[in-house]
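Structure record follows, encoded as structure tokens.
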Amino acid sequence: MSKLKIAELFYSIQGEGRYMGVPSVFLRTFGCNFKCAGFGMPKGQLSEEANAVDPSNYTEYNQLPLVSTGCDSYASWDPRFKHLSPMLESDAVADAIVNTLPFKEWRDEHLVITGGEPLLGWQRAYPDLLRHPKMRGLKEITFETNGTQKLTPEFKNWLIEWQMPHVDFTPEVTFSVSAKLSCSGEERHEAIRPDVVCEYEEVGYTYLKFVVATEEDAEEAIETADIYRAEGFTGPVYLMPVGGVESVYTLNNRRVAELAMKNGLRYSDRLQVPLFKNEWGT
Ligand code: SF4
């Protein structure tokens, strides 16, 4: 039986990307290879906002403060908050997932495995979880990834087999790749990995989703998308406004929608911000 360290597990509406508006269970795994401390900061500066949150004051995710700069899910990878994320057997995770569903069985809901970065070491645990009897009937799953982690050969082969038609359903895997531009504060050579993303396309529907704030970011997104295309990437490209809190998001969303239209790209909203204020657990 495999184990997963779970930062959050909740039922909500998918607010971003291909499945925007679809009722979804979110499984947020613990750990990330990035920090993305540049989000929302003047160019070249890194956010210290999450560093000012004292982990000893919190026993649950939904008590944690939201941040307007840096990574909006900081507690899902910062080791200072690891006491909030239990390590659970795949059996217990499958039970907990199905218990969040309104009818305690899969109907039209979709599963989002997010992070942190869900394709770090946890790849070895997903087959046990996804073939669990309680997951039978799940038709659609998205991995929300930063697009830097190669699939292991074992997990890649397993995904291909899992998507074969079953008696009453055929699962479909999507990779939502939020590749990090320079506004994230991450190193470009580490963040932009077309070789990795092209491999995702071999086993699932894959799209790129760039978080942008300015025209300059949008230009960088377009240039970066061209680099992926030159390596063989064929999927759609979305622009999504920066903004984990409503005040930042509302400054950006219309401008980013206009930039997407101007450049013939898709626009992704962040419905969780206007609907639920992007609170933890939404
Ligand atoms: S890759 Fe995602 S989870 Fe990781 S630090 Fe960046 S925004 Fe946060």
Side-chain angles (χ1 to χ4, degrees), residues 4-10 12 14-17 26-41 45-53 55 61 64-82 84-85 112-123 142-150 174-194 196-197 200 206-213 217 220-221 224 228 238-245 248-249 252 256 268-270 272-273 278-282:
L4 281 158
K5 192 166 175 63
I6 303 300
E8 286 191 290
L9 174 60
F10 56 90
S12 188
Q14 171 60 290
E16 306 173 2
F26 289 79
L27 179 67
R28 190 185 298 287
T29 58
F30 186 85
C32 188
N33 54 323
F34 286 159
K35 292 193 166 85
C36 297
F39 280 143
M41 296 295 290
Q45 292 183 33
L46 299 178
S47 171
E48 288 290 331
E49 205 179 337
N51 291 340
V53 180
Y61 268 85
L64 288 166
L66 304 179
V67 292
S68 57
T69 55
C71 169
D72 62 359
S73 49
Y74 59 93
S76 69
W77 51 262
D78 184 337
R80 296 181 308 134
F81 296 91
K82 67 177 186 221
L84 302 180
S85 299
V112 184
I113 301 189
T114 186
E117 171 46 54
L119 297 177
L120 286 172
W122 306 123
Q123 291 186 40
T142 297
F143 290 96
E144 289 186 335
T145 169
N146 61 27
T148 61
Q149 302 302 307
K150 281 184 88 64
T174 296
F175 293 90
S176 170
V177 179
S178 183
K180 302 304 178 221
L181 299 176
S182 56
C183 61
S184 69
E186 297 299 330
E187 294 287 339
R188 189 168 173 83
H189 69 278
E190 289 175 5
I192 305 306
R193 294 289 308 273
V196 170
V197 173
Y200 300 165
T206 303
Y207 60 87
L208 289 166
K209 188 179 64 180
F210 292 107
V211 176
V212 298
D217 295 341
E220 188 184 334
T224 306
Y228 282 88
Y238 289 77
L239 299 186
M240 185 170 83
V242 73
V245 293
V248 178
Y249 160 84
N252 278 300
V256 174
S268 170
D269 211 291
R270 284 179 180 252
Q272 68 274 30
V273 180
N278 206 28
E279 286 165 358
W280 294 92
T282 61

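Counting starts at 1 for both ligands and their atoms, following the listed order. What you see is a predicted model, and the numbers here were worked out from it, not measured in a lab.
Looking only at atom types and distance, the side chain of Glu220 has a donor-acceptor partner in the side chain of Ser182 under 3.5 Å away. In the model, Arg188 has a side-chain atom that pairs as donor or acceptor with a side-chain atom of Thr224 under 3.5 Å.
Residue Tyr207 holds its OH atom at 5.5 Å from OG1 of Thr142, rounded to the nearest 0.5 Å. One finds the CD atom of Glu49 at 8.5 Å from the CE atom of Met41 (value rounded to the nearest 0.5 Å).
No side-chain donor-acceptor contact under 3.5 Å links Glu144 to the backbone of Ser178. Looking at Glu117, its side chain does come within 3.5 Å of a backbone N or O of Asn146 through a donor-acceptor pair.
At a cut-off of 2.8 Å, Cys36 coordinates atom 6 (Fe) of ligand 1 through an N, O or S atom.
Taking a cut-off of under 4.0 Å to the non-hydrogen atoms of Asn146, the atoms of ligand 1 that pass are 1 (S). Atoms of ligand 1 lying under 4.0 Å from at least one heavy atom of Gly116, given by number and element, are 3 (S). Of all the atoms in ligand 1, the ones that sit under 4.0 Å from a non-hydrogen atom of Lys35 are 5 (S). The atoms of ligand 1 that sit less than 4.0 Å from any heavy atom of Phe34 are 5 (S).
For atom 4 (Fe) of ligand 1, the closest non-hydrogen atom of the protein is Cys32 SG, 2.3 Å. Scanning the protein for heavy atoms near atom 8 (Fe) of ligand 1, the closest one is Cys71 SG, 2.3 Å.
The side chain of Lys180, and not its backbone, has at least one atom closer than 4.0 Å to an atom of ligand 1 (non-hydrogen atoms only; side chain from C-beta on). By the criterion of a heavy-atom distance under 4.0 Å, the side chain of Trp77, and not its backbone, is placed next to ligand 1.
The aromatic rings of Tyr74 and Phe81 lie perpendicular to each other, with more than 60° between the two planes, well past the 30° mark.
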